[in-house]
Novice: 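One structure, as structure tokens, below. Some questions next.
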Number of protein chains: 2
Amino acid sequence: MATMAATSRPPSVSAPGTPPPLGLRERKKLRTRIAIRRATYRLISEQGYDATTIEQIAEAAEVSPSTVFRYFATKEDIVLTDEYDPIMEAELRNRPADEPPLESLRFIMAKALTAFLASEEEELRQRTRLMVEVPAIRARMTETMSDTAKVLARALADRSGRSPDDLEVRVFIAAVLGALREVTLYWGEHGQEGDLITMINQALDTLEGGLKL
Amino acid sequence: MATMAATSRPPSVSAPGTPPPLGLRERKKLRTRIAIRRATYRLISEQGYDATTIEQIAEAAEVSPSTVFRYFATKEDIVLTDEYDPIMEAELRNRPADEPPLESLRFIMAKALTAFLASEEEELRQRTRLMVEVPAIRARMTETMSDTAKVLARALADRSGRSPDDLEVRVFIAAVLGALREVTLYWGEHGQEGDLITMINQALDTLEGGLKL
DNA sequence: CATCTTTTGAGAGTTACTTTCACTTGACTG
DNA sequence: CAGTCAAGTGAAAGTAACTCTCAAAAGATG
């Protein structure tokens, strides 16, 4: 994520390819990060988004307010930050280069969502709820999506020999992510009932058919 | 626009169909509104968006800060508010009902843009500049667009006998507006060179072709 | 253990926005 | 045209998200 700048690694002597065995410092940071997020989700579910202040979050997570801002640039980011971008990118780059781009995206989005649903369904639902209810979250989410868009555009451009800045590529991604966003919103507005993945596939079908309503 | 709640009309006795001849009160409000916007645009072009405070805007427009907030809900809205939604809606409802929806949108967007460019080109350019440079503006713009989306969805749904909440309709509009947004961003990022309308048409061609990259 | 570097907390400051209330100023009525 | 009513305005105080600075605390390192 954008807020997670690459920090220096301990120059450990572990075998190459093995994940470096995080020093105490890094482990602590991770714990703090998680504590803040957890506290935030809990407080929000109890009191609502607006009523939950950074001060409360800091207190609940047992850190100072300044620390909260050190870990997350904005209040919205506490809720929205995840690590799915690199995963989606990797998956996309793993698809056969001659697969139609829309099919590649269809595939990786289904996969990412399935994984998310399997491991953190409750969080996804709360997030969706907030996306529907809180304009600030919705807005920030859109920004986040445009980071995702850049990553995906690069991957797609690479494999087709185009520039990642190619207008057509950008429009392609924007349309797909715009549709995805709308489906999620729709799902959230309708009580989160029905199968999200099926609905996404329907939306992609609409796009694939050339938007002939 | 969302921020412009319908205010009471003077029950004037003018001929039906004639625009009511705004009382002094309404005229003054309009002037204030314009003064605030003008001051804002000027200050921003001189100092940049972040460096321009509401207080400065208020002073330049010769009103109090509270009045500024009475006219515009947020700082971003001062820049973004326009009155094109009802126009686009009317135009859309004027298109033949059997015209393919994508063509209708293509047509009305070209028309709206042409009008905007003809009468307020400088404003459009400044707005685009801000959209590229200021995340808050970009975010708010997206929200604004989703208001537009609702209006257009209703119009489109009406003529095809669908519900305005129909997933397919919503996806359709989201994709088109998402593409439009991306083109505008692209145009802005590339020095605002080239013909916006042509680029929009290209983007719509991409959508129409089923997003086969 | 001593030193160096990173992380943290405390505190003060900025600014967008909200709310309240008294005052002014158009608009309508008799 | 005077009086009343409603709408619009300004002043002021308050809230909360974010920023900046600096000194203290705590992990890493030799």
Side-chain angles (χ1 to χ4, degrees), chain A residues 3-13 20-33 35-36 40 43-44 47-80 134-137 139-140, chain B residues 3-13 20-33 35-36 40 43-44 47-80 134-137 139-140:
Chain A
T3 46
M4 227 180 155
T7 46
S8 54
R9 298 255 170 95
S12 75
V13 215
L22 303 202
L24 170 55
R25 210 164 229 172
E26 301 293 318
R27 264 177 290 146
K28 219 176 160 184
K29 275 210 282 188
L30 237 169
R31 257 188 320 196
T32 304
R33 206 180 171 74
I36 294 174
T40 305
L43 287 171
I44 288 180
Q47 319 176 328
Y49 182 81
D50 288 333
T52 301
T53 71
I54 297 284
E55 240 183 286
Q56 293 172 346
I57 292 171
E59 193 183 334
E62 302 186 278
V63 294
S64 75
S66 16
T67 296
V68 174
F69 284 117
R70 236 175 245 120
Y71 279 80
F72 300 93
T74 68
K75 191 176 158 189
E76 297 95 61
D77 278 341
I78 308 180
V79 170
L80 291 180
V134 185
I137 294 275
R140 186 69 174 139
Chain B
T3 47
M4 226 178 157
T7 45
S8 55
R9 299 255 171 95
S12 74
V13 215
L22 305 198
L24 170 55
R25 210 164 228 172
E26 302 292 319
R27 264 177 289 146
K28 221 177 161 183
K29 276 208 283 187
L30 236 171
R31 256 186 315 177
T32 303
R33 207 180 170 74
I36 294 174
T40 305
L43 287 171
I44 287 180
Q47 318 176 328
Y49 182 81
D50 288 332
T52 301
T53 71
I54 297 283
E55 241 184 284
Q56 292 172 348
I57 292 172
E59 193 184 334
E62 304 187 277
V63 294
S64 75
S66 18
T67 296
V68 174
F69 284 116
R70 236 175 243 120
Y71 279 81
F72 300 93
T74 69
K75 191 176 159 189
E76 296 95 63
D77 279 341
I78 308 179
V79 170
L80 291 180
V134 184
I137 294 276
R140 186 71 173 135

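Not measured: the values here are computed from a predicted model. Sequence lines set the chain letters: A, B, ... in the order given, protein chains first and strands last, and positions in each chain run from 1.
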Novice: Considering all heavy atoms of both residues, which atom of B/L80 and which atom of B/I137 are nearest to each other, and what is their separation?
Specialist: CD1-O, 3.8 Å
Novice: Closest to the A/F69 side chain: D/dG10, D/dC18, C/dT18?
Specialist: D/dC18
Novice: Could you state the NZ-P distance from A/K75 to D/dT19, rounded to the nearest angstrom?
Specialist: 15 Å
Novice: What is the distance, rounded to the nearest whole Å, between atom CD1 of A/I54 and atom P of C/dG9?
Specialist: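 To the nearest whole Å, that distance equals 14 Å.
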Novice: Atom CD of A/E55 to atom C1' of D/dC18: distance rounded to whole Å?
Specialist: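 From A/E55 CD to D/dC18 C1': 13 Å.
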Novice: Measure the distance from CD1 on A/I44 to P on D/dA17 and round it to the nearest whole Å.
Specialist: 11 Å
Novice: Validate the cation-pi geometry between A/K75 and A/Y49: distance from NZ or CZ to the six-membered ring centre under 6.0 Å, angle to the ring axis within 45°.
Specialist: yes
Novice: Reckon A/K28 has a side-chain N or O less than 4.0 Å from the OP1 or OP2 of D/dG27?
Specialist: yes
Novice: Could you check how far CG of A/D77 sits from C1' of D/dA17, rounded to whole Å?
Specialist: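 Taking atom C1' of D/dA17 as the reference, CG of A/D77 is at 13 Å.
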Novice: Return the value, rounded to whole Å, for the distance between atom CG of A/L24 and atom C1' of D/dA26.
Specialist: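 About 9 Å, once rounded to whole Å.
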Novice: Mind calculating the distance between CD (A/Q47) and C1' (D/dA16) to the nearest angstrom?
Specialist: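 It is 14 Å, rounded to the nearest whole Å.
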Novice: Taking the six-membered ring of A/Y71 as reference, does the cationic atom of A/K29 (NZ for Lys, CZ for Arg) lie under 6.0 Å from its centre and within 45° of its axis?
Specialist: no
Novice: Looking at D/dG10, does its base get a donor-acceptor pair with the side chain of B/R70 below 3.5 Å?
Specialist: yes
Novice: Would you mind telling me which of D/dG27, D/dT9, D/dT19 lies closest to the side-chain atoms of A/R25?
Specialist: D/dG27
Novice: Just N and O in the side chain of B/S64: are any of them under 4.0 Å from OP1 or OP2 of D/dT9?
Specialist: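 The answer is no; no side-chain N or O of B/S64 sits under 4.0 Å from OP1 or OP2.
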Novice: Quick check for you: among D/dA17, C/dG9, C/dT7, whose closest atom lies nearest to any side-chain atom of A/K29?
Specialist: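 Closest nucleotide among those given: C/dT7.
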Novice: Compare the minimum distances between each of D/dG10, C/dC17, C/dT7 and the side chain of A/Y71, then state the nucleotide with the smallest one.
Specialist: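 The nucleotide sitting nearest to the side chain is C/dT7.
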Novice: Determine whether more than 12 heavy atoms belonging to other residues, nucleotides or ligands lie under 6.0 Å from atom CD of B/E59.
Specialist: no
Novice: Within a reach of under 6.0 Å around CD of B/E62, are more than 12 heavy atoms found that belong to other residues, nucleotides or ligands?
Specialist: no
Novice: If I take atom CZ in residue B/F72 and atom C1' in nucleotide C/dT18, what distance separates them, rounded to the nearest angstrom?
Specialist: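 It is 18 Å, rounded to the nearest whole Å.
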Novice: Base, sugar-phosphate, or nothing for B/S66, non-hydrogen atoms under 4.0 angstrom?
Specialist: base
